[in-house]
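Every number for a ligand or one of its atoms is a count from 1 in the order of the listing. Just the heavy atoms: all of them, side chains too, but no hydrogens, waters or symmetry mates, feed the values below.
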Amino acid sequence: MAPLDHYDEPGETPYRRHGIPKLGFENYWYPIILNSELGRKPKAVRLLGRDIVLFRDRNKLFALEDRCPHRGVKLSLGHCSYPGSGTISCPYHGWTFEGASGRLLAALMEGPDAAVVRKVEVPHYPVQAHAGLIWLWPGSMTPGNLVDEVPAWIGDQGSFFNISMYTDYRCNWRWLVDNWPQDHHAQYVHRNSPELIFQPQLPYALNLDPQPLEGNKGLAIKRSGGMTGADYPGLGRFPRPEWWRFMKPTGRGATAGFENSKARKVYGIKNQSEIWLPGLTVVGRLSGEYCLIQWAVPIDGETTRCFNINNWRRMGRGREWFARAHYYLFRRWVHDRMFSDQDKALIESTVPGPERLSRTDVGVIAWRKFAGASARRPVGDQPARLDVA
Ligand code: FES
Ligand SMILES: [Fe+2]
């Protein structure tokens, strides 16, 4: 098992204080690549600092530590030389490992009677393909049922379908998740994004009310009140009047009317946005027919894979075709690239150190406290300090 915590920042940091490890919470399912990216060749991936080789044999997926215990070369450079056996052979001397157990089944250059056979093992990881993605469980606890663990939009592929993409950020995963609990950056940073350029200023200075979700899966951060403009003494008005903002707010900013929305009344969706362990956000539309899930996957301490999983309710072939066309022609660029890149540039520029938190950070503070206290951990693997506010 990996060390309990991986706090290597000097001094007190909010993450150390709340027990949020640098390399992420281990005992959860994480998406790691698109299913379509794994072909016949084994593929090297990294997750929570672990180097892992993924391979597929006759539609079965396997995940082993990407290091041959013989002399340490990467198994991902090897081959699946015996189709149907679920094995991978090391490229150096042909040690051949069973994917399901990690056991050494043959040392090809040593002959069939090699004494090391069945005495050596490579760590193996639970792995699964679901919803067009490949998922890994990096922890030491018994994996939960993936379909039950992820939001229903991803879990229930009979009712929903999705299109996913990802981008790697040069930052720790915690900075990316801190971007999601409604800290009012969206109203400022994204006001000039192509997606929102024709929409009026979104309400800010809202009251934030973080509430735990059922089953301690995460938080809903409810918003109320707010304003869309004000005079700042000695400076002037924000925002300045802009005649081209003639559209109605949509998406994350359209808080008004959620109580009476179709999402709530017809589909029974309780919250317009949620943040879940181990580090993802679920943002719905008022129609209840689309939602975006963004998932911060810790690759290592300095890299985070940000998945954008776009989900639609299945409503017939025509609607599905339209959703796919709209996504590939418009939304993929204006949201998943341009809008998200506005965040990426800022998050990657973060310099860790003391913070001076303020009223807009109610959600961030609630998330950090919640995540540190509620994340699933093996017995005895408790964070050192949860006693600090
Ligand atoms: S290093 Fe893998 S078989 Fe020798
Ligand atoms: Fe953002």
Side-chain angles (χ1 to χ4, degrees), residues 42 44 51 53 55 64-82 87-99 102-112 114-123 167 169 171 173 175-197 199 201-204 206 221 223 249-255 272-273 275 279-283 292-296 304 306-308 331 334-350 360-361 363-364 367:
D51 285 311
V53 53
F55 64 98
L64 298 176
E65 182 179 277
D66 193 8
R67 180 181 185 276
C68 177
H70 178 215
R71 296 255 299 278
V73 310
K74 286 206 172 292
L75 290 174
S76 52
L77 299 176
H79 309 275
C80 300
S81 308
Y82 300 96
T87 61
I88 186 169
S89 299
C90 176
Y92 209 177
H93 314 93
W95 283 26
T96 297
F97 299 91
E98 185 176 56
R103 262 186 322 173
L104 178 66
L105 293 191
L108 297 181
M109 290 301 96
E110 211 173 318
V116 286
V117 166
R118 295 183 194 278
K119 295 198 183 114
V120 177
E121 271 184 29
V122 184
T167 307
Y169 286 36
C171 71
W173 72 281
W175 310 351
L176 176 54
V177 181
D178 281 354
N179 179 254
W180 293 335
Q182 310 289 319
D183 63 356
H184 296 186
H185 83 270
Q187 292 91 327
Y188 195 70
V189 173
H190 302 304
R191 68 190 192 284
N192 293 326
S193 75
E195 191 180 358
L196 301 182
I197 193 106
Q199 298 186 16
Q201 172 66 33
L202 305 173
Y204 62 95
L206 299 155
I221 299 171
R223 302 175 293 179
T250 59
R252 191 183 282 254
T255 49
Q272 199 184 356
S273 77
I275 183 156
L280 59 132
T281 183
V282 184
V283 186
L292 173 66
I293 292 175
Q294 288 186 293
W295 200 311
T304 303
C306 178
F307 274 88
N308 276 13
R331 190 169 170 79
V334 297
H335 185 276
D336 291 357
R337 293 274 182 218
M338 296 177 187
F339 188 99
S340 293
D341 280 355
Q342 291 182 316
D343 291 312
K344 183 170 183 279
L346 298 173
I347 296 166
E348 287 183 338
S349 82
T350 305
T360 51
D361 302 305
V364 177
W367 157 251

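- Residue W95 has at least one heavy-atom neighbour below 4.0 Å for each of these atoms of ligand 1: 3 (S).
- Between L104 atom CG and E98 atom CD the span is 10.5 Å, to the nearest 0.5 Å.
- Between the side chain of Q201 and the main chain of Q187, a donor-acceptor pair closer than 3.5 Å is present.
- Of all atoms in ligand 1, listed by their number and element, those nearer than 4.0 Å to a heavy atom of C68 are 1 (S), 2 (Fe), 3 (S).
- Take the Fe ion (ligand 2) as the corner point: the lines to NE2 of H185 and to NE2 of H190 open at 110°, to the nearest 10 degrees.
- Tested against D66 for a side chain to side chain contact (heavy atoms under 4.5 Å, CB included), the candidates L77, D51, V122 yield a single pass: D51.
- If you number the atoms of ligand 1 from 1 as listed, the ones under 4.0 Å from a heavy atom of C90 come out as 1 (S), 2 (Fe), 3 (S).
- Aromatic ring centroids of H184 and Y204 lie 6.0 Å or more apart.
- Rounded to the nearest 0.5 angstrom, D343 CG and N179 CG are separated by 4.0 Å.
- In terms of modelled atom types and a separation under 3.5 Å, the side chain of S89 and the main chain of T87 share no donor-acceptor contact.
- No other N/O/S atom of H70 lies as close to atom 4 (Fe) of ligand 1 as ND1 does.
- Near R71, the atoms of ligand 1 lying under 4.0 angstrom from a non-hydrogen atom of the residue are 1 (S).
- Atom 4 (Fe) of ligand 1 has an N, O or S atom of H93 closer than 2.8 Å.
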